[in-house]
Amino acid sequence: MNIHEYQAKALIKPYGVQVPDGVVAETVAEAEAAIEKLGGNAWAVKAQIHAGGRGRAGGVRLVRSPARLEAAARDLLGSRLVTGQTHAAGREVKRIYVERAVEYDRELYLAVLVDRSEGRIVLMGAPEGGEDIEERAAADPSAIRRLVLEPGNGLKQEAAEAFARELGLEGKQATAAVELMGALVRAFLDTDASLIEINPLAVGAEGLTALDVKMVLDDNALFRHPQLEALRDEDETDPSELEAQRFELNYVKLDGNIGVMVNGAGLALATIDLLKQRGGAPADFMDVRPGATREQVAHGFEMLFGNPEVKAVLVNVYGGGILRCDTVAEGLAAAYRATGTDVPVVVRAAGTNAEVAQKALSDQGIPVTFATDMADAASKAVAAAR
Ligand code: GDP
Ligand code: MN
């Protein structure tokens, strides 16, 4: 789960990470009240959306007067911000974060994340952070330094000191960086995060300040943190994904044109791989959970048929002890009739009640193409979508 910058800053501050004082505002009046409260004479006004690249897109404004603050707040609130990390339609800015601006000399990059290939928690850092870090790291991978943490050992003092030197820090700043790294690792472990990224980390007379924080929490561990679950911003989730969640469907929207309905995440991945090998592109990843009812399955199909991008639907189900093939077939038939769709449907059904399912679809006159196996199903779906 992604969370907003202001939420991430509030989460890591109690661990001892220095962040600028800030106030969230949903209206221009709240933004004006925020600078009264914060004091000072320069402020950063930052769009709170779940996407980076805001600086370059005009979503981060440095202002030096109440009039400029008001204009920036008016401009950003309610606008759609398109950044290099959003879709072309952008994201609506419902909140801004108003912070006291920080004076600083240098920008660093510092992150803690789960490195899947290492199977370890890794600290990543760069002596020069800032908005173009991705491009520079792509051009020169040595721009990013890494420190792999051994499970159970946490962050060793000496390793952290050496890492601070690699980031070009000395003396008091190096000491502060070591403390910061320890704080980040503690926050990371306590919250079951998968990423905490500070970019930029400002280095200046005020010490080390996290100017921007991106944080991702592990969905599978959220049950252990009900207080973190409350940070979820449903506005940032694709509406069709939210709708699917209500119907016991695991759904991820993708950008191809073949609607995929399967039962089981492994089967979904295998099916998507097969489609891609044949030059097809999945429009989604729709996984029916074992306890799903006919009505829930029907709702999933209605979502697929209702997606104008979907040019063919591929059903690949393996009936087991709980979800039977005929439940999927009945759901498909109901959705087909309810929507009056003419999208071609390819079905591969195996396992419990596979024959019952085929017969039910034929008897009800639902024009589906049956496939003998997964590979055949994928080929037929790719052909149908063309
Ligand atoms: P992002 O583009 O979405 O990653 O947004 P950031 O929060 O990183 O902001 C973009 C840039 O604005 C940063 O790289 C900084 O250079 C600058 N910036 C953000 N906050 C402040 C601040 O308080 N003071 C100053 N001087 N610059 C800031
Ligand atoms: Mn940033």
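Given the structure is predicted, the values throughout are model-derived calculations rather than measurements. First listed ligand is number 1; within each ligand, the first listed atom is number 1.
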Step through the shown structure and confirm whether more than 12 heavy atoms of other residues, nucleotides or ligands are within 6.0 Å of [atom1] on [X].
{"X": "E170", "atom1": "CD", "answer": "no"}
{"X": "F285", "atom1": "CZ", "answer": "yes"}
{"X": "R68", "atom1": "CZ", "answer": "no"}
{"X": "R337", "atom1": "CZ", "answer": "yes"}

Fill in: Partners meeting salt bridge (Lys or Arg N to Asp or Glu O under 4.0 Å) with E26 (sequence neighbours left out)
R95
Worksheet item: Picking from E5, K94, H4, what satisfies side-chain hydrogen bond (donor to acceptor under 3.5 Å, both in side chains) with Q48?
Response: E5
Worksheet item: Applying a heavy-atom distance cut-off of 4.0 Å, which protein residues contact ligand 1?
Response: A44, K46, G52, G53, R54, G55, V60, L62, A101, V102, Y104, E107, E131, N199, P200, L211, D212
Discussion item. I'd like to know: is the Mn ion (ligand 2) within the 2.8 Å range of an N/O/S atom from D212, strictly under that distance?
Written reply: yes
